[in-house]
Visitor: 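Quick one: this structure, given as structure tokens, is what I'll be asking you about.
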Amino acid sequence: MATLKAVRGTRDLLPPETALWNRIEQTARQVFARYNFGEIRTPIFEDTALFARGVGEETDIVSKEMYTWEDRARAQSEKAQSLTLRPENTAGVVRAYIEHQLGEGGKLQKLYYIGPQFRRERPQKGRYRQFWQIGAEAIGPPSSGSESPLRDAEVLEMLATLLDELSIAGWRLEINSVGSAADRARYNEVLRAALEPVAPKMCADCRRRAVTNPLRVLDCKVPEDQPIIETLPKIGNSLDQESKEHFAAVLAALDAAGVPYHRNARLVRGLDYYTRTTFEFTHGGLGAQNALLGGGRYDGLSEALGGPRAPGIGFAMGLDRLVLTLEAQQRALPETIYIDTPCDAYIAPLGEAQNAPALALARELRKSGLRVEIGDGTFRLKKSLEIANKLAWRIVILGEDELKSGIVTVKNFLTGLQAKVSREELSAYLKGPVGRNPA
Ligand code: AMP
């Protein structure tokens, strides 16, 4: 009798390798908890329409790679339904956000997931048909600060920390801004015009894309086309003032937090609801499939799915690729902490100028093992106090004076007392007992 095997593109994970998988997942959970992200688990299959709308009908994923079937009706009154194994998790998370009205009350939702995804791709090293992703999304109504460049920088800084804590050496962050939907439409026209004279010299795919979706020409990997692509106009020149400022603020916050990055004007996403920041973390050790993770802002996605306005930013990281990268460099990773208690501190920047320094401070405190949430410089102090009171034991106030003097104001919600603490002593201070603290 012929022996049965795991289906092409799927595989069994066996000990001792599974121990490494567990340690990566634990480290991710621990880092996410420090940044106040909570776990969401969505179904592995969804209505096909979710991905058609949420990922985009014209993408490779939806047009070629989905495992879709007609689910038979069980009763005469029921209709057959087209279902799909999830090829990614952002659409499912945003569907859940809408379905459970998670934006009510003006709250920013910070959600992470860990789980298998399915795409009918041509299998090769680092590319499977069932693979695992670890991802996170920060999404909320505009009043929650979900549009703030500080959120983008926080997510990127968290990823830098996670990769460092996983002891992944030599990662590279590439970043770009694709602007608003209007910026992109403008750029598409500029690009289409620039491609007209040169497209005939390019590969067949590019010749087609030059007409149907010019942005995707920038993804072309054919070596002969690269010199032509280098001469094409850059999207950065088509951004409006607001998008330029948003991007500059993201980069300034990354500089302040000490996260290295490389600007890559070719990094784009073709769909209308992808806005502003886009990024990728790559690793040289992975070969052709060198992307460890990808992500960006999707300010129009909730509305594309029929939900309320809910700007957001997120990423998805390939767990299989992390394992491949790590297998050579296994090290002991820390224990998991859980997020069912308030954060140690909430940092409230008192103006937009304090956003970047606030991120730098949060990074310092989180590195020392504290669980910290961060507000936004556009919030009034009263609003920050209200949010902080629900989320954290203490609020750390960071205004212009505090920045100049290096002494911050800390208010303890349990005792109601307030204290001035120097930056050097802040971490030790916040690690002290909440109830018995003098402040
Ligand atoms: P994407 O959702 O296509 O932006 O992918 C995000 C990340 O998931 C990539 O950077 C990869 O690390 C990982 N990934 C995507 N597709 C696969 C696959 N077929 N096999 C393994 N990892 C994948």
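Indexing begins at 1, ligand by ligand and atom by atom, following the structure's order.
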Visitor: Hey, is Arg127 touching ligand 1 through its side chain, its backbone, both or neither, going by heavy atoms under 4.0 Å?
Guide: both
Visitor: Among all protein heavy atoms, pick the one closest to atom 20 (N) of ligand 1 and tell me residue, atom and distance.
Guide: Tyr128 N, 3.0 Å
Visitor: Relative to each other, are the rings of Trp69 and Phe45 parallel, tilted or perpendicular (30° and 60° limits)?
Guide: perpendicular
Visitor: Within a radius of less than 6.0 Å around NZ of Lys431, do more than 12 heavy atoms belonging to other residues, nucleotides or ligands occur?
Guide: yes
Visitor: Short N/O distance, under 3.5 Å, between Ala291 and ligand 1?
Guide: yes
Visitor: Just need the protein heavy atom nearest to atom 1 (P) of ligand 1, so name the residue and atom and give the distance.
Guide: Arg119 NH2, 3.6 Å
Visitor: Quick one: which ligand 1 atoms are inside 4.0 Å of a heavy atom on Leu293?
Guide: 10 (O)
Visitor: Do NZ/NE/NH1/NH2 and the carboxylate oxygens of Arg297 and Glu147 come within less than 4.0 Å?
Guide: no
Visitor: Check Gln117 against ligand 1 and report side chain, backbone, both or neither, counting heavy atoms closer than 4.0 Å.
Guide: neither
Visitor: Select one of side chain, backbone, both or neither to describe which atoms of Leu292 lie under 4.0 Å from any atom of ligand 1, heavy atoms only.
Guide: backbone
Visitor: Can you tell which of Phe131, Phe281, Trp132, Phe315 gets a heavy atom nearest to atom 15 (C) of ligand 1?
Guide: Phe131
Visitor: Going by the salt bridge (Lys or Arg N to Asp or Glu O under 4.0 Å) test, which pairs reach into residues 97-113, not counting sequence neighbours?
Guide: Arg95-Glu99, Lys110-Glu154, Lys110-Glu373
Visitor: In ligand 1, which numbered atoms sit nearer than 4.0 Å to a non-hydrogen atom of Glu121?
Guide: 16 (N), 17 (C), 18 (C), 19 (N)
Visitor: Report yes or no: does Ser63 contribute a side-chain atom to a donor-acceptor pair with the main-chain N or O of Thr59 at less than 3.5 Å?
Guide: yes
Visitor: Give the intermediate values and the outcome of salt bridge (Lys or Arg N to Asp or Glu O under 4.0 Å) for residues Arg276 and Asp152.
Guide: CA-CA 10 Å; Arg276 299 191 168 164; Asp152 308 43; over 6 Å; no
Visitor: For Glu17, does the CD atom have more than 12 heavy-atom neighbours from other residues, nucleotides or ligands under 6.0 Å away?
Guide: yes
